Amino acid sequence: MGLSHLRPYDWEAADGVCGGSPHMHLACTEAYVVTGGLGSVQTLTVGEGYRDTPLEAGSLVWFTPGTVHRMVEGDGLRVTVLMENSGLPEAGDAVFTFPADLLADPEAYARAAAPPADASAARRRRDLAVEGYLVLRAALADGDPKPLLEFHRAAARLVAPKVPSWEAPWRTGPLAAAQRTGAHLAALAGADPAHLAAAVVAVTGPSRRDGYGMCGRRDEYTLDAP
């Protein structure tokens, strides 16, 4: 599981909305736990179309792979993000809703999607994502899911060369955790408590503070299994 704390960007986009860079995960479910302030998350899916879900302290929202999402700033929004399959998003599981010409050119996409070094670069990347996102949203509003489906296909083509490298972090992370739980259940079914004697306590802090994430300024945590 990946964990980070986010403050959405407060830069106004072309449609007058302040917030993050619309994007989609192809293999991971993501959850927002709202710890303060007000805002919303805009989502695009084939089945539900466009939704604008309000966020306030105490809200919990999660979305599965294939959900285009855009975090929107209202008033001091603060969100703790829980990300399935830690390691895969960092390895390229997320694809920005850039205009179609960038999505069709892997090298151009990689340059535009590169981690920004400063606020100016982060804002350019966000604005490119909003440009493509508004096209998808307008088509859905007209009842046409074809541009969103084409974005799905373009995103899959972009990540396909990377997928073999995702196998190792998946096997040593999420899969290993599930198998470990299975071993614990088998032991407990036989009244064997041996694994309980290996209990440990782990403590950490942010591995990076105030970075430029997809949705906003981001405090990152590295969570190594004890």
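Quick note: residue numbers are just sequence positions, from 1. Everything numeric in this text was worked out from a predicted model, so none of it was measured.
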Using residues 181-201 as the side-chain source, report each donor-acceptor pair under 3.5 Å to any protein atom, sequence neighbours left out, with the distance given to one decimal.
{"from": "Thr181", "atom 1": "OG1", "to": "Ala177", "atom 2": "O", "distance (Å)": "3.2"}
{"from": "Asp192", "atom 1": "OD1", "to": "Ala194", "atom 2": "N", "distance (Å)": "3.0"}

Could you measure the distance from the [atom1] atom of [X] to the [atom2] atom of [Y]? Nearest 0.5 Å is fine.
X: Glu73; Y: Trp11; atom1: CD; atom2: CH2; value: 12.5 Å
X: Arg126; Y: Cys18; atom1: CZ; atom2: SG; value: 7.5 Å
X: Asp127; Y: Glu12; atom1: CG; atom2: CD; value: 10.5 Å
X: Met24; Y: Asp93; atom1: CE; atom2: CG; value: 9.0 Å
X: Leu148; Y: Arg153; atom1: CG; atom2: CZ; value: 9.5 Å

**Report entry** Residue pair Leu140 / Pro145, side-chain heavy-atom distance below 4.5 Å
**Finding:**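 Yes. Closest side-chain heavy atoms under 4.5 Å.
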Hydrophobic clustering (ILVMFWY, side-chain heavy atoms < 4.5 Å, transitive) - are [Y] and [X] grouped together?
X: Val68; Y: Leu149; answer: yes
X: Leu136; Y: Met214; answer: yes
X: Val72; Y: Leu6; answer: no
X: Val46; Y: Leu26; answer: yes

side-chain hydrogen bond (donor to acceptor under 3.5 Å, both in side chains) partners of [X], counting only residues at least two apart:
X: Asp144; result: none
X: Arg70; result: Asp15, Gln42
X: Thr53; result: none
X: Thr204; result: none

Query raised in the report: If only atom types and distance count, is the side chain of Thr45 paired as donor or acceptor with the main-chain N or O of Thr67 below 3.5 Å?
Result: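 No, Thr45 side chain to Thr67 backbone: no donor-acceptor pair under 3.5 Å.
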Query raised in the report: Under the 3.5 angstrom rule, does the side chain of Glu167 hit a backbone N or O of Arg171 as a donor-acceptor pair?
Result: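 No.
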Requested in this report: Take His5 and Tyr221, measure what side chain to side chain contact (heavy atoms under 4.5 Å, CB included) needs, and give me the verdict at the end.
Outcome: CA-CA 9 Å; His5 296 308; Tyr221 289 77; 3.4 Å; yes
Identify the heavy atoms of [X] and [Y] that sit nearest to each other, and give their distance.
X: Ser86; Y: Met1; answer: CB-C, 3.5 Å
X: His23; Y: Ala94; answer: CD2-CB, 4.0 Å
X: Leu88; Y: Pro169; answer: CD2-CG, 4.1 Å

Query raised in the report: Residues in ring-ring contact (aromatic ring centres under 6.0 Å, His included) with Tyr50, at least two apart?
Result: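 By the ring-ring contact (aromatic ring centres under 6.0 Å, His included) rule, Tyr50 matches no residue at all.
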Query raised in the report: Quick one: does NZ or CZ of Arg218 land under 6.0 Å from the six-membered ring centre of Tyr212, within 45 degrees of the ring axis?
Result: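 No; the conditions do not both hold, so Arg218 does not lie above the ring face of Tyr212.
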Could you list the donor-acceptor pairs under 3.5 angstrom formed between side-chain atoms of residues 155-166 and any protein atom two or more places apart in sequence or on another chain?
{"from": "Arg157", "atom 1": "NH2", "to": "Glu150", "atom 2": "OE2", "distance (Å)": "3.0"}
{"from": "Ser165", "atom 1": "OG", "to": "Lys162", "atom 2": "O", "distance (Å)": "2.6"}
{"from": "Trp166", "atom 1": "NE1", "to": "Ala91", "atom 2": "O", "distance (Å)": "3.2"}

Under 3.5 Å, sequence neighbours excluded: what are the donor-acceptor pairs made by side chains of residues 27-38?
{"from": "Glu30", "atom 1": "OE1", "to": "His25", "atom 2": "NE2", "distance (Å)": "3.0"}
{"from": "Glu30", "atom 1": "OE1", "to": "His69", "atom 2": "NE2", "distance (Å)": "3.0"}
{"from": "Thr35", "atom 1": "OG1", "to": "Arg78", "atom 2": "O", "distance (Å)": "3.3"}

Requested in this report: Enumerate the residue pairs fulfilling ring-ring contact (aromatic ring centres under 6.0 Å, His included) with a member in residues 110-162, sequence neighbours excluded, ordered by first and then second residue.
Outcome: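 Pairs touching residues 110-162 that pass the test: none.
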Distance-only check: which donor-acceptor pairs under 3.5 Å involve side-chain atoms of residues 97-109, not counting sequence neighbours?
{"from": "Thr97", "atom 1": "OG1", "to": "Pro22", "atom 2": "O", "distance (Å)": "3.3"}
{"from": "Thr97", "atom 1": "OG1", "to": "Ala129", "atom 2": "O", "distance (Å)": "2.7"}
{"from": "Asp105", "atom 1": "OD1", "to": "Glu107", "atom 2": "N", "distance (Å)": "3.2"}
{"from": "Asp105", "atom 1": "OD1", "to": "Ala108", "atom 2": "N", "distance (Å)": "3.2"}
{"from": "Tyr109", "atom 1": "OH", "to": "Phe96", "atom 2": "N", "distance (Å)": "2.9"}

Can you give the donor-acceptor pairs under 3.5 Å from side chains of residues 57-64 to other protein atoms, not counting sequence neighbours?
{"from": "Ser59", "atom 1": "OG", "to": "Glu56", "atom 2": "N", "distance (Å)": "3.1"}
{"from": "Ser59", "atom 1": "OG", "to": "Glu56", "atom 2": "O", "distance (Å)": "2.9"}

Query raised in the report: Salt bridge or not for Arg7 and Asp219, using N-O below 4.0 Å?
Result: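 The answer is no: the pair does not qualify as a salt bridge.
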Requested in this report: Can you sort out the partners of Ala121 under side chain to side chain contact (heavy atoms under 4.5 Å, CB included), two or more places apart, ordered by chain and number?
Outcome: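 Counting only residues at least two positions away or on another chain, Ala121 forms a side chain to side chain contact (heavy atoms under 4.5 Å, CB included) with Pro116, Asp118, Arg124.
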**Report entry** Audit row: Val130, Leu134, side chain to side chain contact (heavy atoms under 4.5 Å, CB included) steps and yes/no
**Finding:** CA-CA 6 Å; Val130 169; Leu134 292 177; 3.9 Å; yes
